Chemist: 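Following this message is one structure expressed as structure tokens.
Since the structure is predicted, the reported quantities are computational estimates derived from the model, not experimental observations. Indexing begins at 1, ligand by ligand and atom by atom, following the structure's order.
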Amino acid sequence: MNSKKKLGLIGRNISYSFSKKFFEDKFQRLMLNSFSYDIFDLKEIEEVETLFSNPELLGFNVTIPYKEKIIDYLDNLSDEAEKIGAVNCVLIENGKKTGYNTDAFGFEKTLMLHKKPHQQTALILGAGGAAKAVQYVLDKNNISYQTVSRKSDINFENLTPEMVREHTIIIQCTPVGTFPNVKDCLQFPFDGLSGEHLVIDLIYNPNYTQFILNAAEKGAKTVNGYYMLEQQAEKAWEIWNNQKK
Ligand code: NAP
């Protein structure tokens, strides 16, 4: 009757995890003794097959570097995950594995909380998995954007202050500046920023990246990735929990 419900996080080199603490606190607060949340550090994605053989596994989160690689192991994708091409949450129901992308939900909540009506064009810095979720949300909300990355036409060498002036939403989607490399910062024409700008850095550790500090100095409204992180976890919980009531 009171069967175990196992959840967790797959990734590589993930000994510390926000998600583990977040869900363990939640289980304790809600007195959900039958739930557990574990870290599954996988050297290779193939190792996920062993996890799938556990009948108590209700689902798991997925982090770097497996958000795209996990797709080959799933039976179904949500509409969003399919369009984004990345999965950060898996639900297992009667042996059927469905992939979701709750990063998009978390980012949309963050954007909508802070965006002003005049902010209608964006620069996305980076072109990895998180950037894809960001692109999806901007498309959905009819916000036009340009991608800036090391491999795109507009890159960190040729991005001008004028371009920054023209795009009043800046979304930092690279890991540059993450703990412990907190002094690192993208090469970016901060002089193009003003009080008209919203700058969202998806990094949540440290709270204030060098990028955020430089942007705030120019008067931009700045936001870090913490609320997005919390919201993607809440959405994952909704997906898992609604299935097992
Ligand atoms: P990813 O798939 O590995 O992509 C990283 C991107 O950053 C790539 O476009 C890469 O460029 C670029 N990049 C890496 N190092 C760079 C450098 N030194 N200079 C310029 N560009 C560089 O990673 P991801 O999953 O998108 O995650 C990106 C960041 O978002 C991470 O810090 C992650 O923690 C954060 N994130 C936060 C949340 C949240 O809930 N707040 C959710 C998801 C991700 P190349 O293509 O040129 O290599």
Chemist: Counting only pairs under 3.5 Å, give me each side-chain donor-acceptor contact of residues 213-220, with atom names and distances, residues two or more places apart or in other chains.
Modeler:
from : atom 1 : to   : atom 2 : distance (Å)
N214 : OD1    : Q210 : NE2    : 2.9
K218 : NZ     : D191 : OD1    : 2.9

Chemist: If I compare all heavy atoms of T121 with all of S144, which pair ends up nearest, and what's the gap?
Modeler: CG2-OG, 3.1 Å
Chemist: Taking all heavy atoms of I14 and all of F40, pick out the closest pair and write down the distance.
Modeler: CD1-O, 3.9 Å
Chemist: List, ordered by chain and residue number, the protein residues whose closest non-hydrogen atom lies under 4.0 Å from any atom of ligand 1.
Modeler: I64, K67, D103, G126, A127, G128, G129, A130, R150, K151, F156, C173, T174, P175, V176, T178, L186, L202, I203, Y204, G225, M228, L229
Chemist: Please report the interatomic distance CG(L123) to CD1(I170), rounded to the nearest 0.5 Å.
Modeler: 4.0 Å
Chemist: Please tabulate, one pair per line, all N/O donor-acceptor pairs under 3.5 Å involving side-chain atoms of residues 53-65, not counting sequence neighbours.
Modeler:
from : atom 1 : to  : atom 2 : distance (Å)
S53  : OG     : T50 : O      : 2.5
N54  : OD1    : E56 : N      : 2.8
N61  : OD1    : Y37 : OH     : 2.6
N61  : ND2    : N88 : O      : 3.2

Chemist: Quick one: list whatever passes salt bridge (Lys or Arg N to Asp or Glu O under 4.0 Å) with E46, sequence neighbours left out.
Modeler: none
